[in-house]
Amino acid sequence: MTSILAKGAAAVVALFLSHGAALAGQQDFTIANETGYALKHIYVSESANEKWDEDILGRDVLDDGEEFEVSFDKAEKTCKWDMKVIYDDGESAVWQNLNLCKISKLTLRWNKNTGVTSASIE
């Protein structure tokens, strides 16, 4: 695997685990890991932010084939977010300026031939 800078993004700041549709933010989305490897860290920050917010996985790991629901506070208005994932071996990939108000799912895949991590957007 190699480090990749790709277009995409995600969120944190007002992030919390799903608490039902009544509290759902318009930026809520699902991350599907289809890379073949475990993801140790996922960071989501507003695109204008120069620092990454806290790891949204906490002490957990997102194994290959698993999904993670990312939820925002209903009051959150920002749509543009950046996302960074770090594999269990330390390699990383970054997506910038993701419009989470229009994304419901990001499916992450790693291409062994090119060494590129990509994100399919739904």
Side-chain angles (χ1 to χ4, degrees):
M1 268 182 279
T2 59
S3 296
I4 300 301
L5 181 62
K7 289 198 174 186
V12 117
V13 177
L15 211 55
F16 59 96
L17 296 176
S18 290
H19 291 281
L23 298 176
Q26 64 179 343
Q27 305 86 348
D28 293 0
F29 71 104
T30 301
I31 300 170
N33 181 6
E34 294 184 12
T35 64
Y37 299 92
L39 299 175
K40 188 172 182 179
H41 304 285
I42 300 176
Y43 301 95
V44 179
S45 299
E46 287 185 58
S47 289
N49 195 346
E50 293 187 20
K51 295 173 108 179
W52 291 107
D53 291 323
E54 292 184 30
D55 177 6
I56 62 174
L57 290 177
R59 293 181 176 216
D60 293 331
V61 171
L62 185 61
D63 287 320
D64 181 53
E66 292 184 339
E67 293 186 349
F68 184 76
E69 301 291 326
V70 181
S71 298
F72 290 78
D73 187 287
K74 186 177 179 181
E76 179 62 56
K77 300 298 181 207
T78 302
C79 288
K80 298 284 182 149
W81 295 84
D82 297 339
M83 183 175 78
K84 179 178 182 178
V85 299
I86 300 178
Y87 290 95
D88 58 357
D89 68 356
E91 296 293 331
S92 64
V94 174
W95 293 266
Q96 296 178 315
N97 294 312
L98 294 173
N99 186 345
L100 295 183
C101 294
K102 295 184 177 184
I103 296 172
S104 62
K105 185 174 185 179
L106 286 172
T107 301
L108 307 180
R109 293 183 179 89
W110 183 71
N111 183 317
K112 163 173 96 168
N113 296 324
T114 64
V116 173
T117 301
S118 63
S120 300
I121 296 171
E122 293 179 32

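Not measured: the values here are computed from a predicted model.
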With rounding to the nearest 0.5 Å, note down the distance linking [atom1] in [X] to [atom2] in [Y].
X    : Y    : atom1 : atom2 : answer
W95  : I103 : CH2   : CD1   : 11.5 Å
S71  : F29  : OG    : CZ    : 9.5 Å
E122 : T107 : CD    : OG1   : 5.0 Å

**OP:** Evaluate side-chain contact (heavy atoms from CB on, under 4.5 Å) for L108 paired with Y37, printing each intermediate quantity in order.
**Re:** CA-CA 10 Å; L108 307 180; Y37 299 92; over 6 Å; no

With the side chain counted from C-beta on, respond yes when [X] and [Y] share a heavy-atom pair under 4.5 Å apart, and no when they do not.
X   : Y   : result
V70 : I56 : yes
I42 : W52 : no
C79 : Q26 : yes

If only side-chain N and O atoms count, and only distance matters, is there a donor-acceptor pair under 3.5 Å linking [Y] with [X]?
X    : Y    : value
T78  : E46  : yes
T30  : E69  : yes
D82  : S45  : no
R109 : S120 : yes

Original post:
What's the verdict on side-chain contact (heavy atoms from CB on, under 4.5 Å) for K84 and S92, showing C-alpha distance, side-chain angles and the deciding distance?
Top reply: CA-CA 7 Å; K84 179 178 182 178; S92 64; 4.1 Å; yes

**OP:** Identify which one of M83, E66, E67, K105 satisfies the side chain to side chain contact (heavy atoms under 4.5 Å, CB included) criterion when paired with I31.
**Re:**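 Only one of M83, E66, E67, K105 forms a side chain to side chain contact (heavy atoms under 4.5 Å, CB included) with I31, namely M83.
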
Examine distances only and state if a side-chain atom of [X] and a backbone atom of [Y] form a donor-acceptor pair shorter than 3.5 Å.
X   : Y   : value
D64 : T35 : yes
N33 : L62 : yes
D55 : Y43 : no
Q27 : E76 : yes

Original post:
What do the steps show when you test K80 against N99 for side-chain contact (heavy atoms from CB on, under 4.5 Å), and what is the final call?
Top reply: CA-CA 5 Å; K80 298 284 182 149; N99 186 345; 4.2 Å; yes

**OP:** Could you tell me which non-hydrogen atom of L106 sits nearest to which non-hydrogen atom of A119, and how far apart they are?
**Re:**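 Heavy-atom minimum between the residues: CD2-CB, 4.2 Å.
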
**OP:** Go through the steps for F68 and D60 under the test side-chain contact (heavy atoms from CB on, under 4.5 Å), then give the verdict.
**Re:** CA-CA 11 Å; F68 184 76; D60 293 331; 5.6 Å; no

